[in-house]
Amino acid sequence: MPRSLRFESSIELDAGFCIKLLNSGLEKLAQYSPLFEINVETSEYCLAVQLWIDQCYEIENEVVDDASPQVSSGGQ
Amino acid sequence: MPKIPYSNARSPSRLLTAAESELANTDIDGSPLEGRIAGKLRHPNIVSVYDAGESRLGPYLVFEFVRGDTLAVILKSKGPFSIRDAVAVVSPILDALATAHKMQIVHLDLSPRNILIDNDGVPRVIDFGLSQFVHQIPRNPETIAGSLHYMAPEYFTGKDIGPYTDVYALGCTFLELVTGKRAMHGKSFTHICQKIIAGDIDFDMLVDFKEGPAYQQFLCGALAKHIADRYADCDVMQDAFRTFVRNAELEDATSDGAAQHSTIEYLLRRMCKKKDFPTISRTLADINRLTGEDSDASVEKLANVILRDFALTSKLLKLVNSSFYGSRAGEITNNSEAIVYLGLDQVRMTANSLTFFGHLSGDSNDALLKDSMTRSFLSGLFSRYLAKRIRLPGSEEAFICGMFQSLGENLVIFYFRDEYDEIRSLMQSEAVDKQAASRSVLGVNYATLGTAVAETWRLPETLLVAISGIPDGIAHETTSRDEHLRDFAVFANELCEIALLAEQDARDAALAAL
């Protein structure tokens, strides 16, 4: 089965949604981390996920900034 | 021709005993070579060496304790095998030696005395007392060692020893396996040597077998007197063996399933010897037995099983009182109340995840393991979210499916760290996925190992489906609830894995592919 078709009939998601999913998952993980003795602030894995999320949002913000109308600061 | 030191031997069949040679066969640094070599070899069909060193009494080796009989003893007591039965022995032994040869290790003393059939019926190679790394085999040695009837012509003609020398010894052994007679037999030491050098082998005893001619053809490639005419190593011999098996229509006698079964048994045995695997297995199996569909166990019985594990009890109560299950903070104070409040299914899932998670990462300072378990936990959360998103009933089960989907990998990180490192290295060097790499290193892939362990823990069918992963083959519509949960679990785990990639471009590409 081609890899791209494996989740076709179960999951309809785009990349943007995946990042939101990661973000909310990480928040949830932080919430329950004491129970499972996970330190989200020192876990290399949690830091890697956070970095990924941050980079995606940075790219998204850059796209939004580029698309915004330029405001002239010069006086009349 | 090298000197043959058999003067101390009662018969010329054994030139130098393995025990003698073990002590003599040391590496440059003085450590026993067998320990160094066999310690590197981890294969379900090779008896493991756990430790090697030097005591005040001399060098020592610590072997895996295996009950069973050698092929030599079995041949003597029960007589020869049919070719069909022999195939079940030859196949795993060739696999073991092919692995050794790939690692540039030669055994150099293969014979029916050094192949053990353990009490589970699994053939195992023993005694690497004369083994060598290929690049360290001495040229023109002063003395030679081995078992005369299985020694290749090059020992007596001064040619170099190599992996093909093991091939010859296996050829002799596999012929003897079905005839009950040594391939090289003679009236005296000199007579046997002459027959070996002349390549005088009697295959006549194979004529009575239906598969005899095909088996002879296979063995001829192993018993050729000239090195150039012989299989170069056991990897090549294994290919020829597969051709023989196919031509003789004996595939069912050496099915992958049987080999896989023995590999799993072997890995389970290794796990059972380590840390507290038997305890966690007992706890999980009891919980799943008492909460199974056909169980009529009381709440009290289940509460008592959970109570056996103090850490589990404490975590269960913390969790059931947390917002994870709604806000009941402080209301539930014992296991029985938790079971009544959550229900048997919920307790089963919660206890499974808490026991497993607590066991593998609870007190561990192992960052790699902790991170892997964290990844599994996050996968569980994603799976739960995906299930809730399509309003699939029992989203809590999605959580545990997501969390346990990488069971096999987490077990390997915990129990077999060397193999795990090897798998990672293979994934990078060969650009293969983790299932292929794990199969190559362990003999079974992560999914198969995880499923086998989950079965011993009596985990429910839904979890087994998720752990097995998505089967290869033609894409089909996911219809059942179990398949949906499986897809969510696999997807969540793969999404979590992408975070491990260092470069943003690589993550983008992996995400797009997902």
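Sequence lines set the chain letters: A, B, ... in the order given, protein chains first and strands last, and positions in each chain run from 1.
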If I measure from the heavy atoms of chain A, does L511(B) come under 4.5 Å with its side chain, its backbone, both, or neither? side chain

Out of Q504(B), R507(B), K318(B), which one racks up the most heavy-atom pairs below 4.5 Å with chain A?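 Max contact count across the listed options: R507(B).
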
Tell me which of these, I19(A), V49(A), L22(A), has more heavy-atom pairs under 4.5 Å with chain B than the rest.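 Looking at each of I19(A), V49(A), L22(A) in turn, L22(A) comes out on top.
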
If you count heavy-atom pairs under 4.5 Å with chain B, which of C46(A), S33(A), S24(A), S43(A) comes out on top?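 Between C46(A), S33(A), S24(A), S43(A), the count favours S43(A).
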
Using non-hydrogen atoms only, which part of I53(A) is less than 4.5 Å away from chain B: side chain, backbone, both, or neither? neither

Without hydrogens or angle criteria, can the side chains of Q50(A) and D54(A) be said to hold a donor-acceptor pair below 3.5 Å? yes

Do T448(B) and N445(B) meet the criterion of a side-chain donor-acceptor pair at a distance under 3.5 Å? yes

Donor-acceptor contact present, side-chain E44(A) to main-chain D371(B), <3.5 Å: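 Not at all, since once roles are kept as given, no pair shorter than 3.5 Å links the two residues.
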
Does R389(B) qualify as a cation-pi partner of F488(B), given the criterion of NZ or CZ under 6.0 Å from the six-membered ring centre and within 45 degrees of its axis?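 Not satisfied by the 6.0 Å and 45° rule.
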
Is the distance between the ring centroids of F399(B) and F404(B) less than 6.0 Å? no

